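Below is one structure, written out as structure tokens; comments come after it.
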Amino acid sequence: MKLSTPPIAPKTLAALNRLGITTMADLRATGSSKTFLLLKAAGYTITRSTLWQLEALLLGVAATDLSDTQKAALSEQIKQHPPVTVFPAPSEMRNFMQAALQQAGQSAQMGEIPVGAVVVENGQIIAAAHNTCVHDHNISHHAEIRALAQAGAALGNYRLDGCDVYVTLEPCAMCASALIQARVKRVVFGAAEPKTGAAGSVLNLFENSFLNKHTAVLGGVLADECRNALQDFFQKRRS
């Protein structure tokens, strides 16, 4: 069933449509709290009454029927929710991930595990790096750490507010921590890392309520290509 006016205000409905939330199924899959935060992240001026309306739609009741207890629970969900942002268009994310894959190829040529990363500011790549741990005899020289260092030097600031990082493999705990400390706006990764991934596979540092939550994360962009790069590398090493 499509969302409509009423009960949703026309401006809110148009905003939801622009975010790709057009049906009750979309709203149910996203949830009222995340939908509310997506609207705020997209720059729309909304009040908590919009949150009450979204939750009421999911419950099949009027917003005025929500109890104070339900409203308080929703407010707490908003407070504890992991960072939410509007990610770039899929085609844009694929283009930047291709650049990260090119970096991963350079790692493979050096005999390093093929992982690449790029840092993007205002739609432009300002740093690009790949794994050099073996070559540099330095366990910290993961693609993300090296890319963050380059970007910091380029901007003259270790805080990379407003920057995005694209990396071919889900960040480990070391890299996830560095990305959070750098206050990167968005992290986009390709293949999941089931053994050491710290963006949802083993744990998710980006949504840990004990840490400063600045960074939104999205995985699965060009996942097959990123996974194949790793598999090809290890197959050649074994042979």
Side-chain angles (χ1 to χ4, degrees), residues 93-121 124-206 208 211-212 214-215 217-239:
M93 292 192 289
R94 288 193 294 268
N95 286 338
F96 288 128
M97 190 62 74
Q98 286 287 1
L101 275 165
Q102 291 176 7
Q103 289 293 316
Q106 295 185 43
S107 285
Q109 291 174 7
M110 297 172 62
E112 302 268 357
I113 295 175
V115 180
V118 298
V119 181
V120 177
E121 183 194 39
Q124 300 294 322
I125 293 175
I126 62 170
H130 51 85
N131 276 2
T132 59
C133 296
V134 177
H135 181 270
D136 296 341
H137 313 296
N138 190 328
I139 192 59
S140 72
H141 281 196
H142 285 200
E144 301 98 311
I145 303 293
R146 296 184 65 235
L148 291 175
Q150 286 183 30
L155 298 178
N157 193 338
Y158 75 93
R159 285 188 173 178
L160 305 179
D161 304 75
C163 290
D164 298 337
V165 173
Y166 291 78
V167 58
T168 57
L169 184 65
E170 181 182 354
C172 66
M174 175 181 70
C175 293
S177 296
L179 291 161
I180 293 168
Q181 290 293 326
R183 301 199 177 196
V184 168
K185 181 180 180 181
R186 300 178 291 206
V187 170
V188 180
F189 68 85
E193 173 45 275
K195 294 182 179 179
T196 61
S201 288
V202 176
L203 72 164
N204 194 337
L205 290 181
F206 296 98
N208 191 309
L211 304 175
N212 291 328
H214 303 287
T215 305
V217 62
L218 175 70
V221 176
L222 295 186
D224 290 341
E225 291 88 336
C226 294
R227 190 180 303 109
N228 290 341
L230 289 160
Q231 290 175 347
D232 290 347
F233 172 79
F234 286 112
Q235 285 175 358
K236 289 176 182 177
R237 172 179 281 186
R238 285 192 293 269
S239 62

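Residues take their numbers from the sequence shown, with the count starting at 1. Keep in mind that what you see is a predicted model, and the values were worked out from it rather than measured.
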Minimum side-chain heavy-atom gap D164-V188 below 4.5 Å: no
Spacing of CD1 belonging to I180 relative to NE2 belonging to H214, to within rounding of 0.5 Å: 8.5 Å
Point-to-point distance, once rounded to the nearest 0.5 Å, from CZ of R186 to CG of L218: 10.0 Å
Over 12 non-hydrogen atoms of neighbours within 6.0 angstrom of CG in L101: yes
Atom pair CG/CG of L205 and L179 - distance to nearest 0.5 Å: 10.5 Å
Point-to-point distance, once rounded to the nearest 0.5 Å, from SG of C163 to CD1 of I126: 4.0 Å
Qualifying residues under side-chain contact (heavy atoms from CB on, under 4.5 Å), relative to A127, sequence neighbours excluded: V119, Q150, A151
Sequence neighbours excluded, every pair satisfying ring pair (Phe, Tyr, Trp, His ring centres under 6.0 Å) that has a member inside residues 133-184: F96-Y166
Side-chain heavy-atom pair M97, T168 within 4.5 angstrom cut-off: yes
Between SG on residue C172 and CD1 on residue I145, distance to nearest 0.5 Å: 7.0 Å
Over 12 non-hydrogen atoms of neighbours within 6.0 angstrom of CD in Q181: no
Straight-line distance of E193 CD to L230 CG, nearest 0.5 Å: 8.0 Å
